[in-house]
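Not measured: the values here are computed from a predicted model.
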Amino acid sequence: MTTTSNTDHLSSPLCIGILLFPGFQALDAFGPLDCINVLSWTHDVKLAVIAPSLNPVSTKSPMSPNALGQNIVPTHTFETAPPLDVLLVPGGLGTRGSSAPVQGAIEFIKSVYPSLKYLITVCTGSGLAARSGVLDGRKATTNKKAWEEITRLAPNVNWVSRARWVRDGNIWTSSGVSAGIDVTLAWIEEVYGRDVAGRIADGMEYTRHMDASFDPFADKYGL
């Protein structure tokens, strides 16, 4: 298991990758990215936006062709991604099924995880990580509305039903959508300190949930 301390990365740039695929959930990606953007104002951080190709990736899922969608332009493909310290994996409708982009994302997680310092997933992004095998034997959580669907994909994961986020070693998984902001700020606090995380939250005018066990949606969905 990879071990780190909150001083490991303060003297060198941290390379963060975000993994995209058609049908990713917008806030799953942009919530954590906004935290990282603000972090980069004061700390040396590099970002790689990684997708199957360099074509723009839409939030529109093939499962909902009539829905609105926004595009983001990748900086790297699975094949050209730089060495990463951190990988962010959003969720969304696009995590479902076994399309080529989904399978490519799963294989990418599997291949890069051994070299990562941290893996952070948001919402059903934990389903992609689970299907890659890297969550086997680990504690993890996911979106509570999609709980049954995602957890049955990986029975070897120790799924935690009541959690805003879960940390197990160097893997951080979070609940649905907005929980991605909380897990990212919790990770920033772990690596860069509470003051840094607090300043970022204050600058975003975001009220953090700082209790990882806070989870009213577990009750809402009978978990």
Side-chain angles (χ1 to χ4, degrees), residues 18-35 58-70 88-97 102 105-106 109 119-132 134-169 171-190 197-198 200-202 204-223:
I18 184 162
L19 177 61
L20 298 185
F21 43 83
F24 72 92
Q25 184 82 22
L27 189 61
D28 286 13
F30 293 114
L33 281 181
D34 201 43
C35 297
S58 177
T59 58
K60 183 185 293 187
S61 167
M63 296 176 62
S64 54
N66 295 322
L68 294 175
Q70 300 82 43
L88 287 164
V89 182
L93 289 177
T95 62
R96 276 68 165 182
V102 168
I106 292 169
I109 295 168
L119 173 65
I120 303 171
T121 73
V122 183
C123 191
T124 57
S126 59
L128 296 179
R131 292 167 69 182
S132 78
V134 305
L135 298 186
D136 284 355
R138 303 271 197 150
K139 291 185 291 185
T141 197
T142 193
N143 184 308
K144 303 312 182 299
K145 186 176 182 179
W147 182 261
E148 295 298 329
E149 176 189 358
I150 299 302
T151 58
R152 69 170 175 256
L153 295 172
N156 294 325
V157 178
N158 297 321
W159 294 105
V160 180
S161 61
R162 183 175 295 276
R164 184 73 171 171
W165 73 87
V166 170
R167 178 188 179 184
D168 190 329
I171 298 179
W172 302 62
T173 58
S174 63
S175 188
V177 191
S178 63
I181 300 174
D182 288 318
V183 75
T184 304
L185 290 169
W187 171 80
I188 289 172
E189 179 174 320
E190 171 68 19
I200 292 171
D202 289 345
M204 296 168 61
E205 294 198 4
Y206 179 73
T207 302
R208 294 176 64 188
H209 295 295
M210 299 180 68
D211 179 359
S213 66
F214 171 79
D215 191 359
F217 297 99
D219 293 326
K220 182 177 180 66
Y221 294 105
L223 302 176

### Query
Yes or no on side-chain contact (heavy atoms from CB on, under 4.5 Å) for L185 and I200, after CA distance, side-chain angles and deciding distance?
CA-CA 8 Å; L185 290 169; I200 292 171; 3.8 Å; yes
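Minimum interatomic distance between L135 and A140 (heavy atoms only, all atoms of both residues): CD1-CB, 4.0 Å. Taking every heavy atom of both residues into account, A186 and W165 meet most closely at CB-CZ2, 3.6 Å. Across G180 and P32, no two heavy atoms sit closer than the pair O-CG, 3.7 Å. Between G92 and D28, the shortest heavy-atom distance links the atoms N-OD2, 3.9 Å. Residues T184 and C35 share a closest heavy-atom pair of CG2-CB, 3.7 Å.
Proximity of T124 to R96: side-chain heavy atoms (C-beta onward) are separated by under 4.5 Å at one or more points. P90 has its side chain within reach of L20: a pair of non-hydrogen atoms, C-beta onward, lies under 4.5 Å apart. Counting heavy atoms from C-beta on, the side chains of R138 and R167 never come closer than 4.5 Å.
For the atom pair OG (S61) and CZ (F21), the distance works out to 9.5 Å, reported to the nearest 0.5 Å. Considering SG of C123 and CG of N143, their distance stands at 4.0 Å, rounded to 0.5 Å. Distance check: I181 CD1 to D34 CG gives 8.0 Å after rounding to the nearest 0.5 Å. The structure places CG of N156 at 4.5 Å from CG of D136, a figure rounded to the nearest 0.5 Å. The distance from the NE2 atom of H209 to the OG atom of S178 is 6.5 Å, given to the nearest 0.5 Å. To the nearest 0.5 angstrom, L128 atom CG is 7.0 Å from L19 atom CG.
When the side-chain hydrogen bond (donor to acceptor under 3.5 Å, both in side chains) test is applied to D182, the partners found at least two apart in sequence or on another chain are R164, Y206. Taking S132 as the reference, I106, I109, K110, V134 meet the side-chain contact (heavy atoms from CB on, under 4.5 Å) condition, with sequence neighbours excluded. Every side-chain contact (heavy atoms from CB on, under 4.5 Å) that T121 has, sequence neighbours left out, goes to V89, L119, S126, A129, T173. Applying the side-chain contact (heavy atoms from CB on, under 4.5 Å) criterion to N158, with sequence neighbours excluded, gives K139. Listed by chain and residue number, nothing satisfies the salt bridge (Lys or Arg N to Asp or Glu O under 4.0 Å) test with R131 (two or more places apart in sequence, or in another chain). Under the rule for a side-chain contact (heavy atoms from CB on, under 4.5 Å), the partners of A26 that lie at least two apart in sequence or sit in another chain are F30, T59, Q70.
Identified under the side chain to side chain donor-acceptor pair (under 3.5 Å) test for residues 213-223, with sequence neighbours left out: K144-D215, R162-D219, D211-S213.
Under the 3.5 Å distance criterion, the side-chain polar atoms of T95 are left unmatched by any main-chain donor or acceptor of G91. Looking at W159, its side chain does come within 3.5 Å of a backbone N or O of A154 through a donor-acceptor pair. The backbone N or O of L223 lies less than 3.5 Å from no partner atom in the side chain of S161, so there is not a single donor-acceptor pair. Side chain of T142 to main chain of W147: no donor-acceptor pair is present (N/O by atom type, distance under 3.5 Å, no hydrogens or angles).
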